[in-house]
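Okay, so here's the structure we're looking at.
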Protein chains: 2
Amino acid sequence: MTPQRQLVLDAVRHLQHATPEQTCQWVQRTAPTVNITTIYRTLDLLEELGLVRHTHLGHGAPTYSPDEHEHIHLVCHHCGAVETVPHEVLDDLAGTIRDRSGFELDSGHVGLSGACADCTERRRG
Amino acid sequence: MTPQRQLVLDAVRHLQHATPEQTCQWVQRTAPTVNITTIYRTLDLLEELGLVRHTHLGHGAPTYSPDEHEHIHLVCHHCGAVETVPHEVLDDLAGTIRDRSGFELDSGHVGLSGACADCTERRRG
DNA sequence: TTAAGTGCAAAGAGTTTGCAAATAA
DNA sequence: TTATTTGCAAACTCTTTGCACTTAA
């Protein structure tokens with residue numbers, strides 16, 4: 001575990017849902033010469049080690065979180081707001097899908113897309 | 001509706017799940033000078049008109065389908081295989097989420113991630 | 001004293017933008 | 001004509017790769 005790697009892990013734990021770019025900025029406050037390439041490589045490594053996980057929240061860069069931090073993300077495709085719900089709400093669905101085809105859902109890996117309450121309201125007028 | 005736009009719509013209807021790049025290649029068989037920029041602009045337009053929709057199936061480019069063609073995509077993050085299940089399997093979940101927070105799920109917009117039966121099997125040994 | 005890790009530059013995929021030329025209303 | 005649409009080049013975001021240099025076992 002090099003200093004750079006420790007800093008990346010600290011950043012992910014501190015920031016929650018940080019993109020590689022955001023992680024880099026945080027790390028560079030302490031160690032300004034750390035390169036974005038190292039961030040990418042280290043995030044991959046930490047993921048293989050099971051210390052962090054990544055989630056695709058929408059069209060942009062993925063976000064990295066500590067491994068413990070697992071829940072479902074609801075991403076509004078009008079305003080971009082992100083809400084979270086406990087991952088247990090997907091247990092029934094995961095069971096249904098497993099029974100149908102043997103597919104094992106990784107429920108936290110992608111954010112679910114839709115319209116948040118505010119935007120739904122606004123569109124109704 | 002210009003010839004280019006008609007060709008893009010034909011391509012989406014013919015290909016199903018085509019990326020902008022694939023759509024472009026198909027269109028260029030008939031009209032070789034059509035530019036990828038026009039494909040992107042036309043796909044956006046056709047989506048606003050409600051004739052096509054797009055789905056994020058994974059890390060790469062989104063795929064476009066005719067509007068009628070709606071189902072849930074299950075994307076294996078080991079081998080990349082894509083299965084489909086009827087979108088009704090998400091009705092209960094959509095209801096739960098709506099009741100909890102007023103969020104309206106757009107169930108087909110993102111592919112769900114996980115491990116397909118074959119890869120799950122293989123990993124068990 | 002060799003293997004592993006790092007920084008830098010460059011390249012790659014996917015996408016958007018500015019602008020002038022072409023086309024349609 | 002006047003507005004719209006197109007093609008092209010360039011830029012932009014996000015990510016990966018090659019390679020020389022540095023650090024750690």
Side-chain angles (χ1 to χ4, degrees), chain A residues 1-12 15 17-49 51-65 73 75 77 80 82 109-111 113, chain B residues 1-12 15 17-49 51-65 73 75 77 80 82 109-111 113:
Chain A
M1 192 51 106
T2 65
Q4 287 93 332
R5 289 178 177 174
Q6 189 60 57
L7 283 168
V8 170
L9 183 54
D10 289 349
V12 170
L15 295 170
H17 299 129
T19 62
E21 192 64 47
Q22 291 165 337
T23 305
C24 192
Q25 281 167 22
W26 199 92
V27 167
Q28 287 181 342
R29 287 195 217 160
T30 307
T33 66
V34 171
N35 193 270
I36 185 81
T37 307
T38 301
I39 305 292
Y40 278 104
R41 287 194 279 229
T42 302
L43 288 171
D44 280 353
L45 177 74
L46 295 175
E47 188 150 39
E48 274 165 38
L49 295 174
L51 295 171
V52 308
R53 60 170 66 243
H54 77 268
T55 305
H56 297 276
L57 247 38
H59 302 14
T63 63
Y64 285 77
S65 317
H73 301 86
V75 184
H77 53 218
V82 179
H109 187 226
V110 294
S113 189
Chain B
M1 192 50 107
T2 64
Q4 288 92 331
R5 290 176 178 174
Q6 189 60 57
L7 283 168
V8 171
L9 183 55
D10 290 348
V12 171
L15 295 171
H17 300 126
T19 62
E21 192 63 47
Q22 291 165 337
T23 305
C24 191
Q25 282 167 22
W26 199 92
V27 167
Q28 286 181 344
R29 287 194 216 160
T30 306
T33 67
V34 172
N35 194 272
I36 186 80
T37 307
T38 300
I39 304 292
Y40 278 104
R41 288 194 280 230
T42 302
L43 288 171
D44 280 354
L45 178 74
L46 295 176
E47 187 149 39
E48 275 166 36
L49 295 175
L51 295 171
V52 307
R53 61 170 64 246
H54 76 269
T55 304
H56 298 276
L57 247 37
H59 302 17
T63 62
Y64 285 77
S65 318
H73 301 85
V75 184
H77 53 217
V82 179
H109 187 225
V110 294
S113 190

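By convention in this document, chain letters (A, B, ...) are assigned in the order of the sequence lines, proteins followed by strands, and residues within each chain are numbered from 1.
- Counting to the nearest Å, the P atom of D:dT13 and the CD atom of A:Q25 are 12 Å from each other.
- Taking for each of A:E21 and A:T37 the nucleotide of DNA chain D with the nearest heavy atom, the 5'-most of the two is the partner of A:E21.
- Atom-to-atom, NE2 of B:H59 to P of C:dT15 comes out at 15 Å; the value is rounded to the nearest Å.
- OP1 or OP2 of C:dT15 lies within a sub-4.0 Å distance of a side-chain N or O belonging to B:Y40.
- With rounding to whole Å, B:M1 atom CE is found 13 Å from C:dA25 atom P.
- Distances shown here put every side-chain N or O of B:N35 at or beyond 4.0 Å from the OP1 or OP2 atom of D:dT6.
- The nearest whole Å value for the distance from the NE2 atom in A:H54 to the P atom in D:dC14 is 15 Å.
- Tested against A:Y40 for a side-chain contact (heavy atoms from CB on, under 4.5 Å), the candidates A:L43, A:T42, A:T38, A:I36 yield a single pass: A:I36.
- C:dT15 atom P lies 11 Å from atom CD of B:Q22, rounded to whole Å.
- Between B:I36 and B:T2, the residue anchored closer to the 5' end of DNA chain C is B:I36, taking for each the nucleotide with the nearest heavy atom.
- Note on B:T33: only backbone sugar-phosphate atoms sit closer than 4.0 angstrom, heavy atoms only; bases stay farther off.
- Note: CG (B:L45) to C1' (C:dT16) measures 16 Å, nearest angstrom.
- Here D:dG7 is the nucleotide among C:dG14, D:dG18, D:dG7 with the atom lying nearest to any side-chain atom of B:T38.
- Each of C:dG7, D:dT16, D:dT6 was ranked by its minimum atom distance to the side chain of A:R41; first place goes to C:dG7.
- Distances were taken from every side-chain heavy atom of B:P62 (C-beta onward) to each of D:dT16, C:dT6, C:dG14; the shortest belongs to C:dG14.
- The side-chain contact (heavy atoms from CB on, under 4.5 Å) test with A:I39 is passed by exactly one of A:D44, A:L7, A:V27, A:T19: A:V27.
- Remark: A:R5 is in phosphate contact with C:dT6, judged by side-chain N or O atoms under 4.0 Å from OP1 or OP2.
- Whole-Å rounding puts the A:Q6 CD to D:dA24 P distance at 15 Å.
- Going from atom CD of A:Q28 over to atom CG of A:N35 covers 8.0 Å, rounded to the nearest 0.5 Å.
- Nucleic acid contact for B:P3: none, since no nucleic acid atom lies under 4.0 Å from a heavy atom of the residue.
- Side-chain contact between A:H73 and A:T63 is absent, with no heavy-atom pair separated by less than 4.5 Å.
- When each of D:dG7, C:dG14, C:dG7 is scored by its nearest atom to the side-chain atoms of A:Q4, the top-ranked nucleotide is C:dG7.
- Taking the six-membered ring for Trp and the full ring otherwise, B:H77 and A:H109 have centroids separated by under 6.0 Å.
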